[in-house]
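In the text below, chain A, chain B and the rest are named by the order of the sequence lines, each starting its count at 1. Just so you know, these numbers use all the heavy atoms, side chains as well, and skip hydrogens, waters and symmetry mates.
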Amino acid sequence: MKRRMPRTFYTHPTLTVAKDLLGKFLVRRMPGGKVLAGKIVETEAYIGPQDRASHAFGGKRTPRNEAEYLIGGHVYIYLVYGMYWQFNISTGRQGSPECVLIRALEPDLNVKWKMQNVKFSNGPGKLCRWMKLDKSFYGEDLTKSRRLWLENRGVRVSRAQIVSGPRVGIDYAGAYFAARPWRFYLQGNPAVSKPH
DNA sequence: GTACAGATTGAG
DNA sequence: TCAATCTGTACT
């Protein structure tokens with residue numbers, strides 16, 4: 001069974017992809033060969049030029065956010081606050097600057113280890129530290145990469161399990177966009193990041 | 001050339 | 001509640 005998510009998974013509308021990502025697994029082959037995997041339990045959608053919270057608001061295009069414009073399935077990663085990487089996946093068609101921020105993972109480990117490790121992946125900055133994701137992944141194609149990809153492992157997520165709410169840390173975007181319910185997470189999941 | 005603020009985190 | 005830490009971007 002082929003499990004890696006194909007291009008078409010990422011080219012759907014961004015809000016759809018942000019929800020579809022919940023329950024999928026992010027898989028990272030580490031430099032030493034060890035494989036880390038985590039179930040995506042929290043995402044945020046940034047839907048392009050009209051979204052005041054988006055780095056591409058107003059059609060802004062710079063070397064920093066260039067990867068947002070790639071066809072869905074590419075990595076858009078950047079540094080915030082001088083110390084934390086933020087891992088995003090581009091969505092939509094080529095030239096459309098949309099993406100989904102991956103905010104939290106539930107480590108794919110047995111129950112005992114999962115609870116001990118969840119604190120390493122329950123936030124957008126922390127999960128990048130855990131999986132050693134940095135600028136070297138900028139623009140990486142998740143449908144082809146041998147060190148980072150997404151898998152469907154058969155986890156079923158019903159609509160009732162998905163909670164939506166305002167995105168975190170974007171008050172600068174003004175009342176309207178700060179209030180859009182474009183953050184999605186799995187209800188009751190222990191790996192969802194702190195601010196609820 | 002220089003100033004500035006951020007899609008966070010963890011300590012106090 | 002607040003400092004850490006640094007770079008892309010805007011402006012002089």
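- In terms of hydrophobic clustering, with Ile, Leu, Val, Met, Phe, Trp and Tyr side chains grouped at heavy-atom distances under 4.5 Å, A/Tyr138 and A/Leu26 are assigned to a common cluster.
- By the 30° and 60° cut-offs, the orientation of the rings of A/Phe177 relative to A/Trp182 is tilted.
- More than 12 heavy atoms of other residues, nucleotides or ligands sit less than 6.0 Å from atom CZ of A/Arg7.
- A/Cys128 comes within 4.0 angstrom of no nucleic acid atom, judged by non-hydrogen atoms across all strands.
- Going from atom CD1 of A/Ile102 over to atom CG of A/Leu21 covers 5.0 Å, rounded to the nearest 0.5 Å.
- Counting to the nearest Å, the P atom of C/dC6 and the CZ atom of A/Arg64 are 15 Å from each other.
- In this structure, A/Arg183 places its CZ atom 12 Å from C1' of B/dA7, rounding to the nearest Å.
- Rounding to whole angstrom units, CH2 of residue A/Trp85 and P of C/dG8 are separated by 8 Å.
- Atom NZ of A/Lys135 and atom P of C/dC6 are 15 Å apart (whole Å).
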Each nucleotide N or O in nucleotides 8-12 of chain B that has a protein N or O under 3.5 Å away: list the pair and distance.
unit_1: B/dT8; atom_1: OP1; unit_2: A/Arg103; atom_2: NH1; d: 3.2
unit_1: B/dT9; atom_1: OP1; unit_2: A/Pro124; atom_2: N; d: 3.2
unit_1: B/dT9; atom_1: OP1; unit_2: A/Gly125; atom_2: N; d: 2.9
unit_1: B/dT9; atom_1: OP1; unit_2: A/Lys126; atom_2: N; d: 3.2
unit_1: B/dT9; atom_1: O4'; unit_2: A/Tyr84; atom_2: OH; d: 3.2
unit_1: B/dG10; atom_1: OP2; unit_2: A/Lys126; atom_2: NZ; d: 3.0

Q: Using Watson-Crick or G-U wobble pairs with both distances under 3.5 Å, give me DNA chain B in dot-bracket, 5' to 3', with [ ] for crossers and | for pairs to another strand.
A: ||||||.||||.

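- The distance between atom CZ of A/Arg167 and atom P of B/dG6, rounded to the nearest whole Å, is 15 Å.
- The two residues A/Ala191 and A/Ala104 come nearest to each other via the heavy atoms O-CB, 3.3 Å.
- Between A/Tyr10 and A/His74, the ring centre distance reaches or exceeds 6.0 Å.
- Between C/dC2 and B/dA5, the distance separating the two C1' atoms is 16 Å to the nearest Å.
- Here the C1' atom of nucleotide B/dA7 and the CD1 atom of A/Ile77 are 13 Å apart, to the nearest Å.
- The side-chain contact (heavy atoms from CB on, under 4.5 Å) check on A/Gln50 picks up A/Ile47, with sequence neighbours excluded.
- Contact between A/Glu106 and A/Asn189 at its shortest, heavy atoms only, is OE1-ND2, 2.6 Å.
- A/Ile170 belongs to a hydrophobic cluster whose remaining members, ordered by chain and number, are A/Tyr46, A/Leu101, A/Tyr172; membership requires side-chain heavy atoms of ILVMFWY residues under 4.5 Å apart, directly or through intermediates.
- Atom CG of A/Leu79 and atom C1' of C/dG8 are 10 Å apart (whole Å).
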Which atom pairs link the protein and nucleotides 1-5 of chain B when you take only N or O atoms and keep those under 3.5 Å?
none

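- Counting only distance, with no hydrogens or angles, the side chain of A/Lys119 and the backbone of A/Gln116 share a donor-acceptor pair below 3.5 Å.
- Chaining together hydrophobic side chains whose heavy atoms lie under 4.5 Å apart leaves A/Val111 on its own.
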